[in-house]
Amino acid sequence: MINSNNENVDQRHSTLTKRGCGCSKNDFLPEESFTSWGSYAQALRETKTRLKNRVLSRSSDQSELHEIRDCSQHQMKKSLNWFDLIWLGIGAVMGAGVFVLTGEATKSLAGPAVLLSYAISGISALLSVLCYTEFSVELPVAGGSFAYLRVELGDFVAFIAAGNILFEYIVVGASVARSWTSYFATLCNHKPDDFRINVSSLAEGYNHLDPVAVVVSLLICACACISMKGSSRFNSILTILHVAVMVFVLVVGLTQANLANFSPFAPYGARGVLKASAMLFFAYVGFDGITTLGEEIKNPGRDIPVGLIGSMVVVIITYCLLAATLCLMQPFNQVDVNAPFTIAFQAVGMNWAKYIVAFGALKGMTTVLLANVIAQARYFTHIARTHMAPPFLSVINEKTGTPVTATVVMTVANCIIAFFTSLDILANLVSIATLFVYSLVPLALLVRRYYVSGETPDKDRNKLIMFLVLIILSSIGSGVFWAISEHTWLGCIICAGVWFFTTLGLNLTLKEARKPKVWGTPLMPWLPSASIAINVFIMGSIDGASFVRFSVCTAILLIYYLLVGLHATYDGAKEIESKGTNTTDIEAIARTNANE
């Protein structure tokens, strides 16, 4: 009888593993709700009950680290250390953005005070990095922010955030791939569109086909699939070359410095400096992708803080020095908006330097493209583990220790968009999703520190909810007043006051319910609260059309979730629970056998 039970348990465990992540005819929708039309109809009738279950359900650290991770059959190889993470972090963030954004921010918004704008936006990004770091140390899994939000804010919020961030990763990958073609053409003394194929029969904006972008994306995909350690070494080499170009710009540029160009220092006032900060914040995005490498890091408790924080500090210092060098080389009103460093070198008679700048930008975009492909594949892998995407995408290749299937699928999506869609269209599709997720992660961190289910009293829980709502509303208010009030600071000051006293109230009236085990974000609750406020405030600088696109994207995700994702994750959660029960049964049987 015991042997029979043992066989049944093993069979159920084997079936669960196969259905969760294996390859079969039911790879796309293997869950119970999709076995027949009748089952699906029954699932739809239970939508209200299931939705309530998934909205209120939160995952746990143990589930993310073990049960969910085991759905991939094989483990990712732990091959990365802090040195790898520093270079990966620099490579993911320091792309071509600094060569483009600096021009507009300097000429139109901040003048020479653009270096202060870079410092302000850099510190803002560093706040987000610190929040991400605590999570990534405690939860070193491939899901990154998706896993963090599942644990603290639940499945539903995590899905909406993950869908938007994946969409942005695809768009950024396509955009960077097409930019790579443009810079490569410039380096070869050609116009940006010379290496593209013009098809007049296609609609405008989609008629410049870009085979170079596709080839580059596929080569990067192959590198990411073969070996994570190999990809890290490749990134390190390119990033070192990119940093060498930055050093060249600094050293050679400062030989042409004129301190008189720093006057007037802030011609557009404090508002101009802050507006420039909001724009330049996007030169720092990309670090969140490094948190998806948690499963491949040898010593997360040591390596992740050093790698994430160290790389961001290097980037902040480099950006500030580059901005100061540009403003010392030229008067701010003569800085070119599109190619500031190239034109600055031409203005001082160093036309040849534009090739070195283009070479550096090309190397920077290559590392950003590599980091983008690596991150989005790992996001997608963990999402598939939870059944929010087809589970076969969660499979880890046994030989390479990398998520080959997810990497290929995401690269194909990048290639399709990059092949047809022009840069100006792609440029209008980005940014808000990043800020949305960057705001949710510190919010989740506050929940993690001040609320533990089953332990925190209801009174303290309700206080926490009130404080969080006030922090969010005051942050939104600051962003709205900033966007609509050109000549007064009164609305922003009032909202900032509400934010300050709310955070102070949280600090004085609630005790932390949980302390970090290894590494903790300092200055709780001020630092995550400030991160929320700054990210939401920056959203106020984004155009209304972006919010419309964000709303449309979110609406599409909601439809998918209600029709497919909700029922797949509901069944998947039941299977995980069943797996835990089966494990208990196996242990009980083993103990019985031992006693006999």
Side-chain angles (χ1 to χ4, degrees), residues 65 76-95 122-148 169 223-224 227-243 246 283-319 363-364 366-379 382 401-402 434 437-438 441-442 445 516-522 527 531:
L65 290 169
M76 298 185 191
K77 293 182 178 179
K78 290 185 176 294
S79 58
L80 304 177
N81 54 35
W82 64 267
F83 184 80
D84 296 310
L85 293 187
I86 285 180
W87 289 112
L88 283 166
I90 295 173
V93 175
M94 197 182 291
I123 292 171
S124 304
L126 187 59
L127 296 181
S128 296
V129 167
L130 292 170
C131 294
Y132 268 85
T133 300
E134 178 171 333
F135 269 121
S136 57
V137 168
E138 302 255 328
L139 288 169
V141 294
S145 58
F146 170 72
Y148 314 152
Y169 266 119
C223 179
S227 167
M228 186 58 232
K229 188 64 177 179
S231 298
S232 174
R233 288 170 179 162
F234 177 65
N235 170 84
S236 297
I237 293 170
L238 292 186
T239 304
I240 289 171
L241 289 173
H242 188 49
V243 171
M246 298 290 192
Y284 291 100
V285 300
F287 66 84
D288 53 309
I290 305 305
T291 63
T292 66
L293 300 173
E295 295 177 27
E296 297 157 276
I297 298 170
K298 295 177 181 178
N299 186 348
R302 179 198 66 189
D303 297 339
I304 291 176
V306 174
L308 270 177
I309 299 172
S311 60
M312 183 55 68
V313 169
V314 170
V315 172
I316 292 171
I317 293 172
T318 303
Y319 280 179
K363 295 299 181 185
T366 303
T367 58
V368 168
L369 194 58
L370 176 63
N372 183 78
V373 169
I374 289 172
Q376 65 183 337
R378 281 149 183 79
Y379 262 117
H382 202 75
T402 59
T434 299
V437 177
Y438 283 5
V441 170
L445 183 59
K517 299 174 184 177
V518 182
W519 190 94
T521 302
L527 195 148
S531 183

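Computed from a prediction, not measured in an experiment: that's the story for all the values here.
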Derivation of the side chain to side chain contact (heavy atoms under 4.5 Å, CB included) call for V437 and D288: CA-CA 10 Å; V437 177; D288 53 309; over 6 Å; no
Chi angles and distances behind the side chain to side chain contact (heavy atoms under 4.5 Å, CB included) call for M94, Y319: CA-CA 9 Å; M94 197 182 291; Y319 280 179; 3.9 Å; yes
Derivation of the salt bridge (charged side-chain N to carboxylate O under 4.0 Å, His left out) call for E295 and R378: CA-CA 10 Å; E295 295 177 27; R378 281 149 183 79; over 6 Å; no
CA sep, side-chain torsions, deciding dist, call: W519, L130, side chain to side chain contact (heavy atoms under 4.5 Å, CB included): CA-CA 10 Å; W519 190 94; L130 292 170; 3.7 Å; yes
Working for side chain to side chain contact (heavy atoms under 4.5 Å, CB included), residues T291 and F135: CA-CA 9 Å; T291 63; F135 269 121; over 6 Å; no
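In this structure, the side chains of I374 and N235 stay at 4.5 Å or more apart for every pair of heavy atoms. Residues L445 and E134 are in side-chain contact: their nearest non-hydrogen atoms beyond the backbone lie under 4.5 Å apart. At least one side-chain heavy atom of I304 sits under 4.5 Å from a side-chain heavy atom of L85. Under the 4.5 Å side-chain criterion, counting only non-hydrogen atoms from C-beta, Y284 is not in contact with S124. Side-chain contact between T133 and T521 is absent, with no heavy-atom pair separated by less than 4.5 Å. The side-chain heavy atoms of L80 and W82, taken from C-beta on, include no pair separated by under 4.5 Å. Between Y438 and V285, the closest side-chain pair of non-hydrogen atoms falls below 4.5 Å. The shortest distance between side-chain heavy atoms of S311 and L88 does not fall below 4.5 Å.
Each of K298, K229, K78, R233 was evaluated against D84; a single residue qualifies, K229, per the salt bridge (Lys or Arg N to Asp or Glu O under 4.0 Å) test.
Put simply, CG on L370 and OG1 on T239 are 8.5 Å apart, with the number rounded to the nearest 0.5 Å. Distance check, rounded to the nearest 0.5 Å: CG of L369 to CG of L238 gives 11.0 Å. With rounding to the nearest 0.5 angstrom, the CZ atom of F234 is 13.0 Å from the OG atom of S227. Once rounded to the nearest 0.5 Å, the distance linking CD1 of I90 with CD1 of I240 reads 9.0 Å. Separation of atoms CD1 (I290) and OH (Y132) is listed at 12.0 Å; rounding is to 0.5 Å.
Under a 3.5 Å cut-off, the side chain of H382 and the backbone N or O of A147 do not form any donor-acceptor pair. Side-chain atoms of N81 do not come within 3.5 Å of backbone N or O of D303 as any donor-acceptor pair. With S232 contributing its side chain and M228 its backbone, the two residues share no donor-acceptor pair below 3.5 Å.
In terms of heavy atoms, A371 sits closest to A92 at CB-CB, 3.5 Å. Here the closest non-hydrogen pair linking I316 and I123 is CD1-N, 4.2 Å. Of all heavy-atom pairs between L527 and C131, the closest is CD2-SG, 3.9 Å. Taking every heavy atom of both residues into account, V373 and A224 meet most closely at CG1-CB, 4.2 Å. Of all heavy-atom pairs spanning P300 and V137, the tightest one is O-CG2, 3.8 Å. Of all the heavy atoms in F287 and S128, the pair that sits closest is CZ-CB, 3.6 Å.
Residues S145 and Y379 bring a donor and an acceptor atom of their side chains to less than 3.5 Å of each other.
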